[in-house]
Amino acid sequence: MFRGLLIDKQDGPQTAVVQDLSEASLPEGDVTVRVAWSTLNYKDALAITGRSPVVRRFPMVPGIDFAGVVESSADPAWQPGDAVLLNGWGVGETRWGGLAERARVPGRWLIALPAAFDARQAMGIGTAGYTAALCVLALERHGLAPGQGPVLVTGAAGGVGSVAVALLARRGHEVVALTGRPQEEDFLRGLGASQVIARAELDRPGRPLEKERWAGAVDVVGGQVLASVCAAMRYGGTVAACGLAGGMSWPATVAPFILRGVTLAGIDSVMAPIEARQQAWARLSSDLDPALLERLLREIALDEAVALAPELLDGRVRGRLVVRI
C-alpha cells in the first residue's frame, strides 16, 4: 500500500481525497518510481477541482510532474536507485500521476535528474519551469537576442512566467513583466524584471496593429491579452504561446503576421520529444540559479494540495508549489 491523492467521480459529485492505495492498482509500465517530490500545477488544480475536464478517466491520481528514485525496472535504460524525473506525457490526465508515493510509467518517458538540481529543486521547476525554458529556446530559434528590445512575459508572477522572467534576465534581456497582481512588483524585480506593468493594460480590445513595443514575448494567458501582445510586437518579433489562463478564444486579426512578419510559436510541453526536454533542462541547469529558485518555491504537504488548488486557479499563488511526497 502507498498514500496518494485520488480523484473519483461515480454517480455523484467529483471527490479528491488523500488515501491508501494498492500497488496492484498502478497502471502498466516497465518502471516503478518511488516518488519523493511532485508539484501542484495549473492543470493539476483544474483536475482536482473539476473546473475543467482535464481528467479523462476515473479514478485518477493527478500530478503531471514527479521526481524520485527508480524502485524496479524492466527497461535496460534504468536501474534501481537511478534518480529520475517526469514532466507531462498525459500522467495525471489519462494515467496515474505524481501526487502519490508510487508511480509506474514507460521508461522512455523518464529523464535522468540533472546534476544541477536535487529532486526538490527539479520539482520546484517542474512542468512550469520546463515550459518556460521551451519558450525561451523557441524565441532564440527565431532570432531573438539580447539588446534587440524589451521582451514581455505575461502572467509573470505565476509558475511559467516567473521562471521565464528569471531565464530571460539571466541571458541579458530587458524583461517587462505583465501581472494582474501589482503587489508582486518587488518579487518580479528580484527575479530580474526591469519593468512591471498591469495586466489591465493589455486585457482590453485595441486596434489590429498597435505601437511596436516588444521584440519578443512569452504568453501564458491567451485570450485578449495574447491578441494585444501580437498587435504590439515589433517587426519580425516572436511570441511563444503556452497557456490559456485568460481563455481559449483569440480575438485577433492576421495584421501582425502579414504586415510586420510576426511569428506566433506554439509551445507544447506535454508530448514534446525527449531531445527538446533534454535541451530545456540543460538550459535550466545553466541559467537558473538555485538560490534564485528558492524565491519561487513554496513547499507544501500532499494533504494540502486539495485545499490549495482553488487558490492556484484564482491567481492567488506566487511562483511554484512543490509537494513533499
Side-chain angles (χ1 to χ4, degrees), residues 42 127-169 171-180 188 191-270 272 276 279-280 283:
Y42 192 87
T127 284
Y130 144 68
T131 302
L134 290 174
C135 289
V136 173
L137 290 168
L139 294 180
E140 292 176 352
R141 283 196 302 273
H142 286 87
L144 181 68
Q148 291 182 340
V151 181
L152 180 71
V153 177
T154 71
V160 176
S162 56
V163 177
V165 169
L167 291 176
L168 288 163
R171 285 274 157 167
H173 293 281
E174 177 190 350
V175 183
V176 179
L178 181 86
T179 181
L188 292 167
L191 297 179
S194 59
Q195 184 182 357
V196 179
I197 62 176
R199 173 173 169 166
E201 186 175 325
L202 297 183
D203 200 4
R204 50 184 170 77
R207 295 174 297 181
L209 286 177
E210 298 283 356
K211 178 181 177 182
E212 297 183 43
R213 300 175 70 180
W214 323 115
V218 173
D219 177 66
V220 305
V221 179
Q224 181 60 59
V225 170
L226 176 57
S228 298
V229 170
C230 290
M233 293 300 295
R234 294 187 178 184
Y235 191 90
T238 299
V239 182
C242 64
L244 44 70
M248 294 208 31
S249 64
W250 188 40
T253 75
V254 298
F257 311 111
I258 63 174
L259 298 179
R260 288 186 182 163
V262 170
T263 296
L264 181 59
I267 306 300
D268 166 54
S269 61
V270 176
Q279 290 172 2
R283 174 59 61 87

Side chain proximity check, Gln224 to Pro205, heavy atoms < 4.5 angstrom: yes

Set of residues satisfying side-chain hydrogen bond (donor to acceptor under 3.5 Å, both in side chains) with respect to Thr127, sequence neighbours excluded: Asp65

Show me the donor-acceptor pairs within less than 3.5 Å that the side chains of residues 231-258 make with the rest of the protein, sequence neighbours left out.
unit_1	atom_1	unit_2	atom_2	d
Arg234	NE	Arg213	O	3.3
Arg234	NH1	Gln148	O	3.1
Thr253	OG1	Ala255	N	3.1

Main-chain N/O of Ser269 paired with Tyr130 side-chain donor or acceptor, under 3.5 Å: yes

Shortest non-hydrogen contact from Glu201 toward Arg204: O-NH2, 3.2 Å

Closest contact, heavy atoms only, Gly192 versus Val175: O-CB, 4.4 Å

Sequence neighbours excluded - salt bridge (charged side-chain N to carboxylate O under 4.0 Å, His left out) pairs with any residue from residues 171-180: Arg171-Asp287

Heavy-atom pair with the smallest gap, counting every atom of Ala177 and Val165: CB-CG2, 4.5 Å

Passing option when Trp214 is tested against Val153, Val176, Val151 for side chain to side chain contact (heavy atoms under 4.5 Å, CB included): Val176

Residue from Leu202, Asp219, Leu168 passing side chain to side chain contact (heavy atoms under 4.5 Å, CB included) with Leu152: Leu202

Using a 3.5 Å cut-off and no angle test, enumerate the donor-acceptor pairs between side-chain atoms of residues 136-144 and protein atoms at least two apart in sequence or in another chain.
unit_1	atom_1	unit_2	atom_2	d
Glu140	OE1	Arg283	NH1	3.2
Glu140	OE1	Arg283	NH2	3.0
Glu140	OE2	Arg283	NH1	2.9
His142	ND1	Ala138	O	3.0

N/O donor to acceptor pairs below 3.5 angstrom from side-chain atoms of residues 156-163, sequence neighbours left out:
unit_1	atom_1	unit_2	atom_2	d
Ser162	OG	Gly158	O	2.6
Ser162	OG	Gly159	O	3.2

Gap separating the CG atom of Leu188 from the OG atom of Ser194, nearest 0.5 angstrom: 11.0 Å

Pairs satisfying salt bridge (charged side-chain N to carboxylate O under 4.0 Å, His left out), at least one member in residues 240-259, at least two apart: none

